[in-house]
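Hydrogens, waters and symmetry mates are skipped; everything else that's a heavy atom, side chains included, is used.
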Amino acid sequence: MSSGILKRTEIEGRGRGLVASQPLKAGEIVLRDSPILLYSALPFINQSSSVYCSHCFRTLSSSSSSSSSSSSCSHNHVFCSQNCLSSALASSHSPWLCQALSRLRDSAPLLLEQPVEQQVQARFLVAAYNLALYSPSQFQILLSLEGAPDATDTATAQFLHSLLVSSLFPPPSTPPVPFSLELTAALLAKDKLNAFGLMEPCSSSHNNSGQQRSVRAYGIYPNASFFNHDCLPNACRFDYVDSAPDRNTDIVVRMIHDVPQGREICLSYFPVNENYASRQRRLMEDYGFTCHCDRCEVEANWSDHENDDDDEDLVQEEEEEEELMDEDDHDQDQMGSSKGQGDTDFPHAYFFLRYMCDRENCGGTLAPLPPKDDGTTASNILECNVCGNLKDDQMIDASGAEDEHSMDD
């Protein structure tokens, strides 16, 4: 991918990544990406009670769930509209896929006894092989993404391939690619490294109970998959599954703060308030690497980093650093210039104060709304990429000034 905003390049020690082709402003949209493949995150046993459209994954109203069923779908998938149903039948919900999912639900008790993760992997494989049938070019894009099978992928592939391809639904006599065990293992590796989750709606019940939001669906986004991870990212992604009038399964990546030309643009693969030990464990288990970003280099030297799981404690520990940044008027330029400079006092507290959602049990990241009409004036309103809460950036500055004043007193 190469555009006027981002350029794909090889980065030493990090593989392929995306860098800024020009200076980027806070809130600027640097990527809008559509999925080449979507699949449900629900186990098969829950499919009949799905509250999401089977094609675009919008939340269904009670009226749509009762009136828009597909009469041709033996698996009883539900769609939000007739247009969505028609689009699905021509692509992602082909008769072959529908029959495959129906057989999995009704004829594979062994699969239903497996962990939810393997049931969802079965959904992915059905969707991926269906992609090979109706869009061979997009299937080749999927195969070109990062990811090589490891021992776990191979073991899972042996079980699922035997169950899916050999027993339940042999492919058409002349598929574009042979549905082999090796291909099944390769596909599972691609899914593991490149799938993005589309989360269920954020509700007050999640915030009040501390309950984690579930994933409603997973998608493979061919361009967004090239964003590398950083534990203090300079961009974050948004999805508007239930609110966008069209292309509602697109993901939008916006800049959190200004960055200069040539800087790598990174996302965080999980909430930024996780502690050092948890972050490193997740990255190794899920993605197979150890993070050496500036934040991790600092926290690796903290004797008590395993207990720093409360970002508010982290903010308190680094208040002096925040005061110095306020006094020197570094603001977002400091964030942009410090990245990658090897600073030993990387501004954790500043990031958490300005760019961490303070809504209870949210854990989302804030990014400014897109720049105003002239394209150069940054918005003062920050949006949370998890709960959608809006926050006035000027109120954050005022709050920080009040805290500093009270400490001076």
Side-chain angles (χ1 to χ4, degrees), residues 1-34 196 221-240 247 250-269 272 291 293-295 325 328-343 346-348 350-357 364-386 388 390-394 396-397:
M1 182 188 74
S2 180
S3 66
I5 297 179
L6 298 178
K7 177 176 67 175
R8 186 190 305 167
T9 187
E10 289 289 332
I11 300 174
E12 184 177 359
R14 294 171 64 83
R16 292 179 289 185
L18 298 175
V19 300
S21 301
Q22 61 188 42
L24 300 175
K25 293 291 186 180
E28 186 171 352
I29 296 175
V30 295
L31 179 67
R32 177 170 182 154
D33 204 12
S34 300
F196 285 79
Y221 294 82
N223 294 313
S225 67
F226 289 100
F227 284 109
N228 284 324
H229 168 83
D230 197 287
C231 295
L232 285 184
N234 51 25
C236 61
R237 62 111 173 176
F238 293 81
D239 61 64
Y240 302 97
R247 297 176 59 184
D250 284 8
I251 58 175
V252 176
V253 178
R254 293 209 309 262
M255 297 305 301
I256 296 174
H257 54 75
D258 295 358
V259 300
Q261 181 178 350
R263 180 67 45 79
E264 183 180 11
I265 308 305
C266 298
L267 307 177
S268 177
Y269 292 172
V272 296
C291 184
C293 71
D294 291 340
R295 177 183 175 189
M325 292 178 66
D328 293 339
D329 194 30
H330 282 181
D331 203 341
Q332 294 178 2
D333 291 337
Q334 172 67 14
M335 287 294 298
S337 63
S338 65
K339 177 89 174 128
Q341 299 300 315
D343 296 347
F346 197 69
H348 302 70
Y350 181 83
F351 188 98
F352 287 129
L353 177 65
R354 183 174 293 273
Y355 302 119
M356 186 80 181
C357 183
T365 304
L366 302 173
L369 295 177
K372 299 178 181 178
D373 294 339
D374 59 3
T376 61
T377 304
S379 172
N380 292 325
I381 304 300
L382 305 178
E383 180 186 15
C384 176
N385 70 337
V386 172
L390 299 178
K391 193 169 186 177
D392 191 333
D393 192 26
Q394 294 177 331
I396 299 175
D397 291 334

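Using a 4.5 Å heavy-atom threshold, the side chains of Ile265 and Leu24 count as touching. Between Ile381 and Asp392, some side-chain heavy-atom pair lies under the 4.5 Å cut-off. Using a 4.5 Å cut-off on side-chain heavy atoms (C-beta onward), Arg254 and Pro368 make no contact. Taking 4.5 Å as the limit, some side-chain heavy atom of Ile256 sits within range of a side-chain heavy atom of Phe351.
How far CZ of Phe352 is from OG1 of Thr365: 9.0 Å, rounded to the nearest 0.5 Å. If you take SG on Cys236 and CG on Leu366, they are separated by 8.0 Å, rounding to the nearest 0.5 Å. How far CZ of Phe238 is from CG of Asp250: 15.0 Å, rounded to the nearest 0.5 Å. Considering CD1 of Ile5 and CG of Leu31, their distance stands at 9.0 Å, rounded to 0.5 Å. Atoms CD and CG, on Glu383 and Leu390 in that order, are 6.0 Å from each other to the nearest 0.5 Å.
Listed by chain and number, the residues in a side chain to side chain contact (heavy atoms under 4.5 Å, CB included) with Ser268 are His229, Pro233, Phe270, Val272 (sequence neighbours excluded). Considering only residues two or more places apart in sequence or on other chains, Asp239 meets the salt bridge (charged side-chain N to carboxylate O under 4.0 Å, His left out) condition with Arg237. Annotation: side-chain hydrogen bond (donor to acceptor under 3.5 Å, both in side chains) contacts of Asn385 (sequence neighbours excluded): none. Scanning for side chain to side chain contact (heavy atoms under 4.5 Å, CB included) contacts around Gln261 gives Pro23, with sequence neighbours left out. Listed by chain and number, the residues in a side chain to side chain contact (heavy atoms under 4.5 Å, CB included) with Ile11 are Thr9, Arg14, Val19, Asn228, Glu264 (sequence neighbours excluded). Residues satisfying the ring-ring contact (aromatic ring centres under 6.0 Å, His included) test with Phe227, not counting sequence neighbours, are none.
Closest non-hydrogen pair, Pro370 versus Ile29, comes out as CG-CD1, 4.1 Å. The two residues Ser21 and Leu6 make their nearest non-hydrogen contact at OG-C, 3.4 Å. Looking at every heavy atom in both residues, Ala367 comes nearest to Met255 through CB-O, 3.8 Å.
The closest donor-acceptor contact from the side chain of Asp33 to the backbone of Ala224 lies under 3.5 Å.
Ring planes of Tyr355 and His257: tilted class, angle from 30 to 60°.
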